[in-house]
Each structure stands twice: as structure tokens, then as C-alpha cells.
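In this text the structure is predicted, and so the values were computed from the model without any measurement. So that the names make sense, note that chain A is the first sequence line, chain B the second, and so on, each numbered from 1.
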There are 2 protein chains.
Amino acid sequence: MNHDPSAVLRHRGIRLSAHRLAVARFVLYTRSHPSVDNVWNAVQKDFPMISQATVYNTLNLFVDAGLLQRILVGERRVVYDPDLTPHHHLIDEDTGVVHDIPWQAFEIPSIESVEGFEVTNCQVVMRGRKKKVTP
Amino acid sequence: MNHDPSAVLRHRGIRLSAHRLAVARFVLYTRSHPSVDNVWNAVQKDFPMISQATVYNTLNLFVDAGLLQRILVGERRVVYDPDLTPHHHLIDEDTGVVHDIPWQAFEIPSIESVEGFEVTNCQVVMRGRKKKVTP
DNA sequence: GTTCGTGCAAACGGTTTGCAACAAT
DNA sequence: ATTGTTGCAAACCGTTTGCACGAAC
């Protein structure tokens with residue numbers, strides 16, 4: 001994994017700007033599954049004048065460039081994930097926190113081929129709450 | 001499965017009305033995974049004056065009553081499914097059609113318990129396109 | 001007569017877009 | 001000079017809500 005955001009963006013043919021770098025520095029290396037608002041707030045610490053529109057546009061740019069994954073974790077809740085390797089997601093219904101679940105947690109046989117379909121994408125979204133530990 | 005919508009609604013304590021019955025007759029027995037608009041169009045054939053708001057309210061009522069499942073099949077795409085038994089969904093990226101995939105298609109071990117969580121819900125949404133048949 | 005269903009239009013919230021200004025090439 | 005990035009506000013789209021009316025209880 002490349003930890004130099006400038007190089008990453010340039011490698012995808014994305015022109016650099018201070019705002020884009022700031023967004024990249026946050027969103028490409030976080031494991032917190034941030035929403036657009038999370039990204040906006042984080043970047044605002046360095047660039048108080050950045051607009052929501054720019055954050056939206058930049059995130060879309062990164063998704064289109066294959067740097068980010070959009071994950072639909074709820075009715076009106078989209079979250080971004082820089083981890084593009086196949087994995088699942090578990091949403092804590094109490095806190096809203098999104099957890100990564102390793103792909104191997106489930107045995108999904110013949111995922112590329114289900115009933116005559118070529119599966120291009122598979123999103124498993126689970127919801128649950130932390131179990132009480134019996135003492 | 002009860003094929004008398006009046007009885008189904010009454011059993012859930014939902015008061016009957018012509019509009020509700022019309023919505024129920026369509027949405028509780030279809031396998032087409034209709035969107036709100038699909039339901040609206042279908043019911044309009046019998047009740048041309050029914051409003052979108054009533055369709056929305058009625059569908060929400062049915063979901064809350066446990067008669068329907070809301071399925072998030074895309075960014076701005078919600079469909080309704082009267083099949084409440086656990087199963088997965090596969091969306092044809094070319095046609096938008098939603099297919100049911102039997103729960104047993106995947107071996108999902110210990111679904112109730114993943115990494116200290118009690119899983120209450122699990123939605124698997126796949127996207128793909130029909131494979132060309134090699135002749 | 002109180003409750004509940006309905007239609008209408010307005011409000012809502014997340015996202016996109018058109019435009020003008022400006023920066024980079 | 002041309003192209004690309006940004007902020008702003010308006011538009012957009014699916015959904016919800018407030019209100020007034022009328023029907024059901």
C-alpha cells in the first residue's frame with residue numbers, strides 16, 4: 001500500500017490540489033468508514049473553507065478512479081472505504097460503527113457464477129449489536 | 001401463506017380501506033420486487049386517484065406490521081418484498097430486475113454470532129449480468 | 001364527536017449541477 | 001488561451017409531513 005497520497009493521485013491521472021490532497025490524506029488511509037460529512041469535518045480542520053460540493057466531487061472522483069469503495073450501509077447512509085479487497089461489513093446498531101468482516105468468515109462458493117449470472121459485485125451488510133459477556 | 005388480503009390486514013390490526021386492500025392485493029403476493037412507483041402504477045389501474053403519499057404511507061404501514069421487507073438494492077432504489085424468509089438478492093445490472101437467491105446458495109456459518117456480535121439482520125446484495133451461453 | 005384515511009402541496013435531506021471566478025498549465 | 005478546480009446556490013429526487021376534509025367507528 002502506497003502511503004504517499006500525491007503519488008497515488010498522480011498515478012491515477014488525477015491532478016493535484018490542496019483540497020484533493022487533504023481529502024486523500026484522510027480518506028485513503030482511514031479504517032473508520034467515514035461518511036461524506038465525516039470527511040468534510042476532518043478536512044475542514046486544515047481547510048476551513050472547503051465546500052461540501054468539493055468533498056462530494058472529490059469523493060466521486062476517487063471512486064471513479066478506483067481508489068475508494070462506496071458502501072451503502074443504510075437507507076440514507078453512504079460510507080467510503082479505501083479497502084478494495086473483498087470483505088463484508090457489520091454495522092453496530094447501537095453505535096452506527098461499521099466493522100470489517102473478513103471475506104473468509106463466510107464460505108461463499110462459486111461467487112462468480114450464480115444461476116447463470118456473472119456476479120460483478122457482492123455486498124454483504126449485516127446489522128447487530130455487541131453481545132453481553134456472561135461473567 | 002394466506003391469500004386473503006383482508007384477513008391478513010385485519011390479523012395485524014390494520015383497518016381496511018379500498019386503497020389499502022388494493023395495495024395489499026398487489027404487493028403482498030408479487031414476486032417482482034416492486035418499487036414504490038411500481039406499486040403506485042399497479043394500484044392506479046384500479047384506483048386512478050390514489051396519491052403517492054398514500055402508497056408510501058401504506059407500504060410503511062405494511063413494513064411496520066411485519067408484512068413486507070424493504071430491500072435497499074441501490075443508491076436511490078428501494079424495493080419491497082413480501083417474502084420474509086431469509087434469502088439473498090441478485091440485481092441484473094442490465095435490466096434492473098431483482099432475483100431471489102436461496103439462502104442455502106451460500107454457506108454462512110454461525111450467522112448469529114460474528115466476532116462477539118449478535119447479528120440481527122443480514123442482507124446480501126449481488127450485482128451481475130446474464131452470462132452469454134456458449135453455443 | 002372522535003378517530004382515522006386520504007390528497008395535496010410543502011418540506012426535508014442527501015446529492016448533483018450550472019455558473020462565475022479563479023488557478024494551473 | 002485553454003483547461004481544470006472551487007464555492008455558492010439552485011436544482012434534483014425520493015421520501016415524509018402538515019393540513020384540511022371526509023369517512024368510519
Side-chain angles (χ1 to χ4, degrees), chain A residues 5-6 9-10 12-27 33-44 46-65 67-80 91 96 98, chain B residues 5-6 8-10 12-27 33-65 67-80 91 96 98:
Chain A
S6 324
L9 297 193
R10 234 181 290 107
R12 304 284 172 146
I14 296 174
R15 295 172 60 161
L16 300 183
S17 79
H19 287 173
R20 285 179 179 175
L21 265 174
V23 172
R25 263 196 289 269
F26 175 67
V27 81
H33 302 89
S35 65
V36 173
D37 259 28
N38 297 150
V39 176
W40 191 38
N41 292 329
V43 176
Q44 269 184 326
D46 292 321
F47 294 86
M49 300 310 295
I50 192 171
S51 71
Q52 279 204 53
T54 296
V55 175
Y56 274 105
N57 291 334
T58 305
L59 290 173
N60 287 342
L61 188 67
F62 289 179
V63 169
D64 292 344
L67 294 173
L68 276 183
Q69 206 186 348
R70 255 168 171 265
I71 306 166
L72 209 56
V73 293
E75 296 270 322
R76 273 183 208 85
R77 193 161 170 229
V78 171
V79 127
Y80 293 86
I91 296 129
V98 181
Chain B
S6 323
V8 173
L9 297 193
R10 235 182 286 108
R12 305 285 172 144
I14 296 174
R15 294 171 60 163
L16 298 185
S17 81
H19 288 172
R20 284 179 178 173
L21 264 175
V23 173
R25 263 195 289 268
F26 175 67
V27 81
H33 303 88
S35 66
V36 173
D37 259 28
N38 297 150
V39 176
W40 192 36
N41 291 329
V43 176
Q44 268 184 328
K45 285 170 191 157
D46 291 322
F47 294 86
M49 300 309 296
I50 191 170
S51 71
Q52 279 204 50
T54 296
V55 176
Y56 274 105
N57 291 335
T58 304
L59 290 173
N60 286 343
L61 188 67
F62 290 178
V63 170
D64 293 343
L67 295 173
L68 276 184
Q69 206 186 347
R70 258 169 165 258
I71 305 166
L72 208 56
V73 292
E75 296 270 321
R76 273 184 208 86
R77 189 156 174 234
V78 171
V79 299
Y80 293 86
I91 297 130
V98 181

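- Of the possible donor and acceptor atoms, none in the side chain of W40(A) sits under 3.5 Å from a partner among the backbone N and O of Y56(A).
- Set against dG4(D), dT16(C), dT6(C), the side chain of T54(B) has dT6(C) as its closest nucleotide.
- Remark: N60(A) is not in phosphate contact with dT15(C), judged by side-chain N or O atoms under 4.0 Å from OP1 or OP2.
- Which of dG7(D), dT6(C), dT15(D) sits closest to the side chain of S51(A) comes down to dG7(D).
- When distances run from any side-chain atom of A53(A) to the nucleotides dC4(C), dT17(C), dT15(C), the shortest one goes to dT17(C).
- Set against dT15(D), dT6(C), dT15(C), the side chain of R76(B) has dT15(C) as its closest nucleotide.
- Across dG7(C), dT15(D), dT17(D), the shortest atom-to-atom separation from the side chain of I50(B) is found for dG7(C).
- Comparing L61(B) and V36(A) by the nucleotide of DNA chain C that holds the closest heavy atom to each, the one mapping nearer the 5' end is L61(B).
- Residue Y56(B) places its side chain closer to dT15(D) than to any other of dG7(C), dT15(D), dT17(D).
- Distance, E75(A) CD to dT15(D) C1': 10 Å, rounded to whole Å.
- Backbone-only engagement by R20(A) is indicated by non-hydrogen atom pairs under 4.0 Å involving sugar-phosphate atoms exclusively.
- Under 4.0 angstrom from either OP1 or OP2 of dT6(C) there lies at least one side-chain N or O belonging to S17(B).
- Distance from the side chain of R15(B) is smallest to dG5(C) among dT16(D), dC8(D), dG5(C).
- In this structure, OG on S35(A) lies 8.0 Å from CG on N41(A), to the nearest 0.5 angstrom.
- Residues V39(A) and L59(A) meet the side-chain proximity criterion, which asks for heavy atoms closer than 4.5 Å.
- In this structure, N57(B) places its CG atom 14 Å from P of dC8(C), rounding to the nearest Å.
- Taking the side chain as every heavy atom from C-beta outward, I71(B) and V98(B) never approach each other to under 4.5 Å.
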